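Below, each value reflects all heavy atoms present in this structure, side chains not excepted, and no hydrogens, waters or symmetry copies. Predicted model, so just to flag it, every value in this text is computed and none were measured.
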Amino acid sequence: MAVLLGAIADDFTGATDLCNTLVRRGMRTVQLIDGPAPTTEIPDADAVVVALKSRTIPAAEAITKSLAALGWLRAAGSQQILFKYCSTFDSTDDGNIGPVAEALMDALGTDFTLFCPAFPEAGRTIYQGYLFVGDVLLSESGMRDHPLTPMRDPSLVRVLQRQSRGRVGLVPQYDVARGASAIRDAFASLRQAGFRHAIVDAIEDHDLAAIGEAAADFALITGGSGIALGLPENFRRRGLLGDSGPADRLPPISGPAAVLSGSCSTATQAQVAYMRERGPVFTIDPIAAAAGRNITEEALAWAAPRLGGRPVVISATAPPEQVAAVQQVLGRERAGAMVEGILADIARSLVARGVRRLVVAGGETAGAVVQALGITGLRIGRQIDPGVPWTASLGEPVLALALKSGNFGGPDFFLRAFSVLSMEPG
Ligand code: ADP
């Protein structure tokens, strides 16, 4: 079975977001981490999302990585390519949205594409080309002072024009509201007038569905994860998206369970406290580790007799004053890297001892764990809480992984996660 939709996402969490949207609309989806190697096996999936870290690297590097991903996705059979960026259009006058999109267009031999980062559910809407975050313009939102990509111009037509060779036009809400054929006509008029790029207004989910329908024949579509709302239906309409059961079904995965927490966000603190009230938690002491104590061995000795019972919980999560104290002694970066390294080592050893179901709290922590485990891709499964699905790793052994960054999830997240997993049909 060939891949239908191939996507290139410019960061990891954005890629997961996109996968979630596609799975919920019925496409079996796999996320590949850090770009596929030429030898990466084609997974059995309707959509493959390649997660790059290309949002803020130099444009030339972002182009090279994106073109490599494109080559693999085309070889895997992708009939349409989606370039996914942030719903706040995070970029600078140097790129990378315009330059990457134009490189992909050249490689695909197409002279026209659309740009629509709207995500109404998350408060991102576009009207007359102006991007709103909630009820304020992009330039009045927190994005104004983003450390890497400050967004001070709310007009996406102007923002994109400054980073593109081709001319940028607009498909206004007036056309979008009239549905797919009006949008198709607007695309045709722009193209005929010599425009290569269309910013497309969207203020509601059904706008995105209509835009998706109008772009069914585009070789390249670009947008936020919202633009994926209308795409699965295009494949279904053509009879290409089979009914192979629920798209979020994972292979049955059993084996001991563990929670590794390296996030100090408020939500995670409440989640770890919830577990502490219900049983023992192994706490990582970064200062002791820096002083030479083998915390990894201590944690494994603690966990070994507990494996197979309730999930073992190993946590570095600490309140702000404790984190500040640790950082004062070790420095922020050293403390962070050391705790990430310890949790990654523990993850590897736990898997060697048979652990197969793992919840990891913390975005950076999850990245370190996934890398230490040598995981190249994830099949996306059922959602635990908005934005956090269960996943199954590609390759052997198959692990069930839930990667939760920062402030996601309610206090009972860890236990709920395992009960959602046990509801998977075996
Ligand atoms: P989040 O998604 O909540 O931001 P991350 O894992 O991305 O979580 O970031 C948390 C960072 O804090 C990691 O680098 C982690 O190693 C570090 N860290 C975790 N616990 C401690 C601690 N007790 N003291 C100092 N740093 C810590």
**Message:** I'd like to know if the side chain of Q161 reaches the main chain of V168, judged simply by a donor and an acceptor atom lying under 3.5 Å from each other, with no hydrogens or angles considered.
**Reply:** yes
**Message:** Can you confirm if the NZ or CZ of R191 lies within 45° of the ring axis of F195 and under 6.0 Å from the centre of its six-membered ring?
**Reply:** no
Donor on one side chain, acceptor on other, [X] and [Y], under 3.5 Å:
X    : Y    : value
Q271 : S261 : no
S155 : D153 : no
T296 : R348 : no
T222 : Y85  : yes

Is it true that atom [atom1] of [X] has more than 12 heavy atoms of other residues, nucleotides or ligands lying nearer than 6.0 Å?
X    : atom1 : value
R332 : CZ    : no
E121 : CD    : no
E41  : CD    : no
R236 : CZ    : yes
Q371 : CD    : no
R25  : CZ    : no

What is the minimum heavy-atom distance between [X] and [Y], and which atoms define it?
X    : Y    : result
H197 : M105 : CE1-SD, 3.5 Å
A186 : D175 : CB-OD2, 3.8 Å
P117 : I126 : CD-CD1, 3.4 Å

**Request:** Report the C-alpha separation of F187 and F218 in whole Å, then their side-chain angles, then the decisive distance to 0.1 Å, and conclude whether the ring-ring contact (aromatic ring centres under 6.0 Å, His included) test is met.
**Result:** CA-CA 11 Å; F187 285 150; F218 279 34; 5.0 Å; yes
**Item:** Check against ring-ring contact (aromatic ring centres under 6.0 Å, His included), Y274 and F414
**Value:** CA-CA 9 Å; Y274 182 93; F414 296 139; 8.9 Å; no
**Request:** Measure the CD-CG distance between Q163 and N96 for me, rounded to the nearest 0.5 Å.
**Result:** 8.0 Å
**Asked** With respect to V259, which candidate in V313, V312, V272, L358 satisfies the side-chain contact (heavy atoms from CB on, under 4.5 Å) definition?
**Response** V313
